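One structure is given below, encoded as structure tokens.
What you see is a predicted model; the values in this text were computed from it and never measured.
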Amino acid sequence: WIVRELTSLSGRIFNGEKLEPLFQRIFQIYDTVPRSSPERSLLLRSAVMELLIRIVEASKTSPKTATNAQLKEIYDEMVSHPERDYPISALAERLGVSRTNILNRFKKFTGLPPHAFLMAQRILKAKELIEQGDRSISAIADFLGFSSSQHFSTAFRQATGKKPKEWNASKRKVHSNE
């Protein structure tokens, strides 16, 4: 049965994240149980058989995909709170989908991968904060989760064509001409 099932698997990719503990168990048995012990072979065969059965079972279930409502919730959160981190693994776990699924669906939903979308939101928020004039560039960089003010300045320049201070000066010039 197991040979027939494994050879008939389609090329479809499924969420194999739940298989990781089984692989770890196989490696742990291999590394810790002495080669000469009689139980080693039995333990390894048992662990491999369990892994193969789980692969067959996982291939039979249809993969879960993120819904537009779930993506809209994440989208709204990123727009409202660009200062927070949104690791792909955490988003995938939150929605109960694979990392690949969240990456592909989010890009289809917004036109950008999650990290690029978040960076765009951070730059929009940075422009708003720079215009308010309450905070230094370093404080804005820190608030928005950039590793340094240099990293922030580079990201800002890539997005706007200007350094934060240059952008601020050009905005002040426009406002003074009005």
Side-chain angles (χ1 to χ4, degrees), residues 1-125 141-148 150-152 154-155 158-159:
W1 171 82
I2 195 81
V3 170
R4 183 180 75 249
E5 292 294 322
L6 287 171
T7 55
S8 69
L9 286 178
S10 67
R12 184 172 71 87
I13 298 174
F14 57 88
N15 186 352
E17 292 172 9
K18 293 185 170 115
L19 300 176
E20 187 178 338
L22 295 171
F23 278 106
Q24 289 173 346
R25 182 170 165 230
I26 291 169
F27 295 134
Q28 187 260 337
I29 292 167
Y30 187 84
D31 290 340
T32 61
V33 179
R35 289 186 189 269
S36 60
S37 72
E39 69 267 17
R40 183 172 200 243
S41 176
L42 184 59
L43 288 170
L44 281 171
R45 285 174 193 246
S46 171
V48 168
M49 187 58 69
E50 185 178 353
L51 173 66
L52 295 175
I53 290 169
R54 291 268 180 92
I55 289 171
V56 169
E57 288 171 350
S59 72
K60 302 254 186 239
T61 60
S62 49
K64 191 175 176 193
T65 185
T67 66
N68 282 348
Q70 290 172 315
L71 295 170
K72 175 81 169 95
E73 187 179 306
I74 291 170
Y75 171 94
D76 290 343
E77 226 176 284
M78 287 181 170
V79 169
S80 299
H81 299 285
E83 71 279 2
R84 295 181 185 163
D85 284 329
Y86 299 89
I88 294 300
S89 57
L91 294 176
E93 187 174 324
R94 174 175 156 185
L95 300 184
V97 300
S98 69
R99 290 182 289 256
T100 303
N101 181 271
I102 189 77
L103 284 168
N104 292 337
R105 295 277 296 136
F106 193 89
K107 185 173 181 180
K108 196 177 224 182
F109 187 77
T110 65
L112 294 170
H115 185 262
F117 180 79
L118 180 60
M119 289 302 285
Q121 296 308 307
R122 285 179 175 177
I123 297 303
L124 287 173
K125 186 68 174 180
D142 187 50
F143 171 73
L144 291 173
F146 287 91
S147 57
S148 67
Q150 291 81 11
H151 178 223
F152 167 65
T154 300
Q158 287 174 340

task: Say whether, by atom type as modelled, one donor and one acceptor occur between the side chain of Arg40 and the main chain of Tyr30 under 3.5 angstrom.
output: yes
Pair listing, side-chain hydrogen bond (donor to acceptor under 3.5 Å, both in side chains) test, anchored in residues 106-122, at least two apart: Asp85-Arg122
field: Asn101 side chain vs Ala92 backbone, donor-acceptor pair below 3.5 Å
entry: no
message: If you compare all heavy atoms of Leu43 against all heavy atoms of Ile29, which two are closest, and at what distance to 0.1 Å?
response: O-CD1, 3.7 Å
statement: Looking only at heavy atoms, the pair that brings Phe152 and Ala141 closest together is CB-CB, 3.4 Å
- line: The reported gap from CG in Asp142 to CD in Glu83 (rounded to nearest 0.5 angstrom) is 11.5 Å
field: Lys72 NZ to Asp76 CG distance, which is reported to the nearest 0.5 Å
entry: 3.5 Å
query: To the nearest 0.5 Å, how far apart are CZ in Arg99 and CD in Glu93?
result: 10.0 Å
message: Would you say that Ile74 contacts Gln70 through its side chain, given a criterion of any heavy-atom pair below 4.5 Å between the two side chains?
response: no
- line: Output for pair (Leu118 CG, Leu112 CG), nearest 0.5 Å, gives 11.0 Å
message: Applying ring-ring contact (aromatic ring centres under 6.0 Å, His included), can you list everything that pairs with His151, at least two apart in sequence or on another chain?
response: Phe146
query: Would a distance-only check, ignoring hydrogens and angles, find a side-chain to backbone donor-acceptor pair under 3.5 Å from Ser46 to Leu42?
result: no
Any side-chain heavy-atom pair of Tyr75 and Asn68 under 4.5 Å: no
query: Excluding sequence neighbours, so at least two apart, what forms ring-ring contact (aromatic ring centres under 6.0 Å, His included) with Tyr86?
result: none
task: Would you indicate whether the side-chain heavy atoms of Leu71 and Ile102 approach each other to under 4.5 Å?
output: yes
message: The criterion is salt bridge (charged side-chain N to carboxylate O under 4.0 Å, His left out); which residues satisfy it with Arg105, sequence neighbours excluded?
response: none
- prompt: Can you name the salt bridge (charged side-chain N to carboxylate O under 4.0 Å, His left out) partners of Arg45, sequence neighbours left out?
  reply: none
Atom pairs and distances, donor-acceptor, side-chain atoms in residues 21-28, under 3.5 Å, two or more places apart:
unit_1 : atom_1 : unit_2 : atom_2 : d
Gln24  : NE2    : Glu20  : OE2    : 3.2
Arg25  : NH1    : Glu50  : OE1    : 2.9
Gln28  : NE2    : Thr32  : OG1    : 3.4

message: Glu77 vs Leu91, test: side-chain contact (heavy atoms from CB on, under 4.5 Å). Steps then yes/no.
response: CA-CA 12 Å; Glu77 226 176 284; Leu91 294 176; over 6 Å; no
statement: CD1 (Ile123) and CD (Gln158) are apart, to the nearest 0.5 Å, by 9.0 Å
